[in-house]
Amino acid sequence: MKKEYKAIIFDLDGVIVSTDECHYEAWKMLSDEEGIYFDREINERLRGVSRMESLEIILERTEKIYSEEEKQEMAARKNGYYVERVMTIDSNAILPGAVDFIKMAKNNGISVAIGSSSKNTKLILERTGITKLFDAVADGNDVKNSKPAPDVFLKAAEKLGLEPSECMVVEDADAGVEAALNAGMDVLAVGYAKNNRKAKFCMNNLEEAKGEMFNV
Ligand code: G6P
Ligand code: MG
């Protein structure tokens, strides 16, 4: 697959870095405070979904009607709990094979970018020490419509100066796979999305993918 693409655009959470537990704990704290039922199954539906849209999914389990202002406050409160946790992560949060995969792509002349829904992308890249690995970063601060809308991946391609058809996306969320397809990009699905049948390639993680892609 390596010759086909000029760039690889990586989702961040669940592909490069493991922040799942931080998100789960932060949403769980908020839900408990509000007396709203929340579990790991509901948490899976938040993968790749923006903060405000995630909150709407959580609010499906309550009859209570919240004002826009209350929703903003709740999302901010969750983010406070999340950032507190993210501040404690380091390079140990990088997922197996991720850095090798990125370096091999670059050695093969392939550009690498981030396409993430998270508005905390820069903080996470800094905490894990991998900011400099990427040629471009597009995140939740750059776009209005979040995945499954194609916007963040189109933005990443634009920042790289490439056409969507020249890019491959790596995703762990079904919403992200949809977003990439909507952008006209091929997808390598890993992790939680590894059985997504719409993806062109499916692997367990980047450790396995690096062997397939770069013959190591
Ligand atoms: C990623 C995660 C989602 C999260 C979203 C927004 O896509 O997979 O679970 O809701 O980013 O993150 P943020 O850091 O902006 O709240
Ligand atoms: Mg993800």
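As the structure lists them, so they are numbered: ligands from 1, and atoms in each ligand from 1.
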Provide, to 0.1 Å, the distance between [atom] and the closest protein heavy atom, together with that atom's residue and name.
{"atom": "atom 6 (C) of ligand 1", "value": "Ser118 CA, 3.7 Å"}
{"atom": "atom 9 (O) of ligand 1", "value": "Leu46 O, 3.0 Å"}
{"atom": "atom 8 (O) of ligand 1", "value": "Gly48 N, 2.9 Å"}

Which atoms from ligand 1 have a heavy atom of [X] less than 4.0 Å away?
{"X": "Ser54", "result": "10 (O)"}
{"X": "Val49", "result": "3 (C), 4 (C), 5 (C), 6 (C), 10 (O)"}
{"X": "His23", "result": "2 (C), 4 (C), 12 (O)"}
{"X": "Asn120", "result": "13 (P), 14 (O)"}

Is ligand 1 under 4.0 Å from a heavy atom in the side chain of Asp13, in the backbone, in both, or in neither?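 The side chain, only.
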[X]-ligand 1 polar pair, N/O distance under 3.5 Å:
{"X": "Trp27", "answer": "no"}
{"X": "Arg51", "answer": "yes"}
{"X": "Lys119", "answer": "yes"}
{"X": "Arg47", "answer": "no"}

So Lys28 and Glu25, salt bridge (charged side-chain N to carboxylate O under 4.0 Å, His left out) or not? Walk me through it. CA-CA 5 Å; Lys28 180 73 180 146; Glu25 287 176 14; over 6 Å; no
Evaluate the ring planes of Phe10 and Phe134, with Trp represented by its six-membered ring, and classify them as parallel (under 30°), tilted (30 to 60°) or perpendicular (over 60°). perpendicular
Quick one: closest heavy-atom pair of Ser117 and Lys147, and the distance?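 Distance-wise, the nearest heavy atoms are OG-CD, 3.5 Å.
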Which atom of Met168 lies closest to which atom of Leu188, heavy atoms considered: CE-CB, 3.9 Å
Nearest N/O/S atom of Asp11 with respect to the Mg ion (ligand 2), by atom name, please. OD2
Taking only non-hydrogen atoms of Gly140, do any sit less than 4.0 angstrom from ligand 1? no
For O in Asp13 and OD1 in Asp172, the angle at the Mg ion (ligand 2) (nearest 10°) is 90°
Could you give me the CA-CA distance, side-chain angles and deciding distance for Lys6 and Glu163, then say whether salt bridge (charged side-chain N to carboxylate O under 4.0 Å, His left out) is met? CA-CA 9 Å; Lys6 287 192 178 161; Glu163 293 299 321; over 6 Å; no
Just wondering, do Trp27 and Ile42 contact through their side chains at under 4.5 Å, heavy atoms?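 In short, these two side chains do not touch, never coming nearer than 4.5 Å.
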Glu171 near the Mg ion (ligand 2) via N/O/S, less than 2.8 Å: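 Short answer: no, not a single N, O or S atom is under the cut-off.
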Under the side chain to side chain donor-acceptor pair (under 3.5 Å) criterion, do Asn120 and Asn79 qualify, and how do the steps go? CA-CA 9 Å; Asn120 292 299; Asn79 194 52; 2.9 Å; yes
Let me see the working for Lys122 and Asp139 under salt bridge (charged side-chain N to carboxylate O under 4.0 Å, His left out), right down to the final yes or no. CA-CA 9 Å; Lys122 287 193 175 68; Asp139 66 24; 3.7 Å; yes
I'd like to know if the side chain of Thr19 reaches the main chain of Cys22, judged simply by a donor and an acceptor atom lying under 3.5 Å from each other, with no hydrogens or angles considered. no
Can you confirm whether the side chains of Glu53 and Ser146 place a donor and an acceptor under 3.5 Å from each other?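 Note: Glu53 and Ser146 side chains meet the donor-acceptor criterion.
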